Amino acid sequence: MGPSSTPDLSTDVSPLSLSTVAVVGLGTMGTGIAEVLTRAGREVIGIDTDEAAARHAVAALEAATARAVQRERITERERQDILARFRTFSDLQAAADADLVIEVVPEDYELKRQIITALDAIVRPDAILATGTNALSVTRLAADSQRPERVLGLHFFNPAPAMKLVEVVSSVLTAPTAVAAVTQLARELGKDPIAVGDRPGFVADGLLFGYLNQAAAMYESKYATREDIDAAMRLGCGLPMGPLALLDLIGVDTARTVLEAMYAESRDRLHAPAPILGQLAEAGLTGRKAGRGFYTYEAPDSATVVPDAESPAAAGDQASGRSVRSVGVAGSGTMASGIAEVFAKAGFEVVLAARSLEKAETAKARIAKSLGRSVDKGRLSAEARDAALAAVTPAGSLDAFADVDLAVEAVAEDLEIKQQLFATLDKVCKPGAVLATTTSSLPVVACARATSRPQDVIGMHFFNPAPAMKLVEVVRTVLTADDVHATVRAVCAKVRKHAVDCGDRAGFIVNALLFPYLNNAIKMVQEHYASLDDIDAAMKLGGGYPMGPFELLDVVGLDVSLAIEKVLHAEFRDPGLAPAPLLEHLVAAGCLGRKTGRGFREYAKR
C-alpha cells in the first residue's frame, strides 16, 4: 500500500469513530473491558489463544447481563443484543476490521511487543493500537511499531465495569487524533478519562504503588502487624482497603513488576521493591489468586481470609491493666475537647484542664455544641448528652489532675511545651496514673524522659475529629510498662475506638505511609506531569480515596504537612522523603490551605 492511500493520523483533527473494538487477552481485565464496550453499543472482538479463557469471558458477560436484567437495569432484549455484539476468536487475524485494538495480556514487554508488531501487519492503517500496560514504556512499544503515531496507552482500572477512571497515555510519538478518539470513546463509555504522559505507573499507580511498597516494608520490619497496618489506613484515612490486603488483591508479583519499572526510571528508593515482595512472589504466594499472600485465603481467588500462624491471638494482652475511672484531658483546642467528649460519652469522669478556667469553659461549650448536633441527628439521646456534659469538669490548672487515673495531653505540637507539661504531670498526678500524649510526629520517649516515671508514659494518637474517627494509634516506647500498654488498649475498647499498636518512631503508621504519598503527588505537579485536578480525580476514581491528595493537603494544612514531612525525612534520612520544594514555597508564602483561604487551591473567604 503506497503512502498516498494511508491516512495521516498526525494531521487529521477530527476524532475517529471507534465502533468496532478488538480486545486481546481475555483475563479479568480484558473481560471487564469487553463488558463495558458491548454494553455501550460497540461491536467487540475478543481474542485469546486460550479457548478456556474465551469461554470464561462469554460466561462472565452472560452472568453480568443476567444480573442486570434481574435488577431491571436492562431488558432481556437489550441483554441479547449485548451478547450478540461479543464474539471470541483465538487468532489475532480476527482484529483485521477493528477501529481500535486494546491489548491487555500479562505485563511482559516481549509478549506485548510481539502482539503490537503482529497487529501492524493485520489491522487497517487508520486503526488505533492501545496497550493496557500500567508499568511498561508505551513509547518503547510504540517505537517498535511500524506506525508509532497510532500507538498509545489506555489504562482501565479493575473492575473495569465499576471503576470510572481511564488514563489515556501519550508518548512523544502519539498523534493527537488518536488521543482525541480514545478520549471521546472513554467518555461515551461513561468513564472519566485523564490525559497523562508516559512514565511507569502513570498517575494513579505511580502514587499508589509507592505507598503499597512502603506498607510492605513497614510490615517486613515487624514495626506493626499486617492487621494493624491495614486497619490504620482504613480507619485513619477512610480507604476502602488496607495496603497489604490491596497488594494481595492486585497480585504481589504484579506489584513487584510495576515497582521494578518505576524504580528503573526514578531511582527513588521508595520505589525499590521491598524484599518481601520478591520473596512472596518467588514462593508462589502472590495473593488472593494463589490463596495466600500477606494473608491466607479460604481458596485460590477467594476473598475470605482465614486464620493462620500470624493471626492475632484471641486472648489479646497477657498483662492485666490498671483501673481507670477518671481521665484528665489537657488542652483547650478542637482535639482536646473532642477527646474529652469521647471519654465523657463512654462514662468516664473527665477533668478538662486549660491554661485558664475561661479557656476550659469555652472548650466545654464546644463539647456541648457537638453533643447537641449528635442529638439533632438522632445519634444520641438527650439524657445521654446531659450525662456526658455533667461528667466534664473544666479546670484552669493541671493541679486538678491530682486524682485522675489517666492523663491525656492534647496541647500544641511543640516538644518543649509537651516536655514542660509532662514534668508538671509528673509532680501533680498520683503514683500509678497513666500519662499519655496525643502527638502525631514527636518522639513519645522524649515526653517520657521529662518525668521520673517513663514506664507510665505512652502515646495515644487520636485522629481529628476525635468523636467521629475510630482509630487510635497506641505508641509504646522502649520504656513503657506492659500493664500501661494493656490499660490503654482496654480504655480504647471502652471508648469504642480501634486501637493499633506501633513503636515510637516518626509518623507511626498512618502519617509514615500517608505523607510520602502526598509529597509524591506534589512532585508530580512540580514536574508538570499532571494537574492538581487530574491527580485528585485519579486517586478518587482509580484508588477509591475519599479525597484527592491536594484536597487533603489543603484540609490538613500545608504547614502541618511540611512539619510532618521534615520529621519523616530527619528520622529516616531517605532522599525520597525530602519535602517537595513546591510545598516549602507555598508555606513560605503563607498559603497554608483552607485555613488561610489559599493553599494548592483558592477558597472563598468565610
Side-chain angles (χ1 to χ4, degrees), residues 211 215 218-219 222-248 294-295 303-305 307 310-319 321 324 327 329 334-336 338-348 350 370 374 379-380 388 406 408 410 434 436-441 444 458-476 480 482 484-505 507-515 544-547 552 556:
Y211 149 71
M218 180 181 279
Y219 166 74
K222 295 187 166 45
Y223 174 67
T225 66
R226 60 190 180 181
E227 288 83 3
D228 280 355
I229 291 170
D230 279 355
M233 298 314 289
R234 282 189 292 104
L235 300 174
C237 297
L239 299 179
M241 290 182 84
L244 303 178
L246 182 54
L247 278 163
D248 275 356
F294 286 95
Y295 294 90
T304 306
V305 174
E310 285 191 53
S311 298
D317 284 296
Q318 296 303 304
V324 176
V327 179
V329 179
T334 309
M335 184 57 91
I339 292 170
E341 179 184 330
V342 165
F343 282 115
K345 282 196 293 196
F348 290 95
V350 179
S370 174
S374 294
R379 293 175 187 158
L380 196 68
L406 167 65
V408 182
V434 174
T437 171
T438 61
T439 183
S440 63
S441 60
V444 177
I458 195 166
M460 283 184 81
H461 179 213
F462 286 80
F463 287 73
N464 210 4
M469 298 294 277
K470 291 290 181 192
L471 183 69
V472 176
E473 290 177 318
V474 177
V475 187
R476 290 187 73 156
T480 305
D482 287 346
V484 167
H485 175 248
T487 302
V488 168
R489 293 278 310 192
V491 166
C492 287
K494 192 169 179 188
V495 299
R496 302 175 77 175
K497 299 295 182 190
H498 186 108
V500 297
D501 285 324
C502 55
D504 184 21
R505 74 180 202 192
F508 311 137
I509 297 174
V510 174
N511 286 349
L513 295 178
L514 175 65
F515 280 88
Y545 283 60
M547 298 176 86
L552 183 56
V556 169

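All values below come from the heavy atoms of this structure, side chains included, with hydrogens, waters and symmetry mates left out. Please read these numbers as outputs of a predicted model, since none were measured by experiment.
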Of the non-hydrogen atoms in [X] and [Y], which two are nearest, and what is the gap between them?
| X | Y | value |
| --- | --- | --- |
| A344 | A388 | CB-O, 3.4 Å |
| G338 | A466 | C-CB, 3.7 Å |
| E341 | S370 | OE1-OG, 2.7 Å |
| L244 | D230 | N-OD1, 2.9 Å |
| I229 | P243 | CG2-CG, 3.8 Å |

When you measure from the side chain of Y545 to the backbone N and O of C237, does any donor-acceptor pair fall under 3.5 Å?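 Flag not set: sc Y545 to bb C237 has no pair under 3.5 Å.
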With distance as the sole test, does E473 use its side chain to make a donor-acceptor pair with the main-chain N or O of A499 at under 3.5 Å?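 The answer is no, because no donor-acceptor pair under 3.5 Å joins these two groups.
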Step-by-step side-chain contact (heavy atoms from CB on, under 4.5 Å) determination, L380 to K345: CA-CA 10 Å; L380 196 68; K345 282 196 293 196; 4.3 Å; yes
Under a 4.0 Å N-O cut-off, is there an ion pair linking D248 with R226?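 No, no charged N to carboxylate O under 4.0 Å.
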Say you draw a straight line from [atom1] of [X] to [atom2] of [Y]; how long is it, rounded to the nearest 0.5 Å?
| X | Y | atom1 | atom2 | value |
| --- | --- | --- | --- | --- |
| M335 | F463 | CE | CZ | 8.0 Å |
| D501 | F508 | CG | CZ | 12.5 Å |
| H461 | N511 | NE2 | CG | 5.5 Å |
| L513 | M218 | CG | CE | 4.0 Å |
| T225 | I509 | OG1 | CD1 | 7.0 Å |
| L239 | L246 | CG | CG | 9.0 Å |

With the side chain counted from C-beta on, respond yes when [X] and [Y] share a heavy-atom pair under 4.5 Å apart, and no when they do not.
| X | Y | result |
| --- | --- | --- |
| Y211 | M233 | yes |
| D482 | R476 | yes |
| E310 | Y219 | yes |
| P312 | E227 | yes |

Going by side chain to side chain contact (heavy atoms under 4.5 Å, CB included), [X] matches just one of [options]. Which one?
| X | options | result |
| --- | --- | --- |
| V500 | L471, V474, L235 | L471 |
| L406 | V329, V484, V434 | V434 |
| T438 | V475, V472, I339 | I339 |

For the residue pair K497 and F462, would you count it as a cation-pi contact if the rule is NZ or CZ under 6.0 angstrom from the ring centre and within 45 degrees of the ring axis?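 Output no; distance or angle outside limits.
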Can you see whether D228 engages Y223 through a side-chain donor-acceptor pair at a distance of less than 3.5 angstrom?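 The answer is no; no qualifying pair exists.
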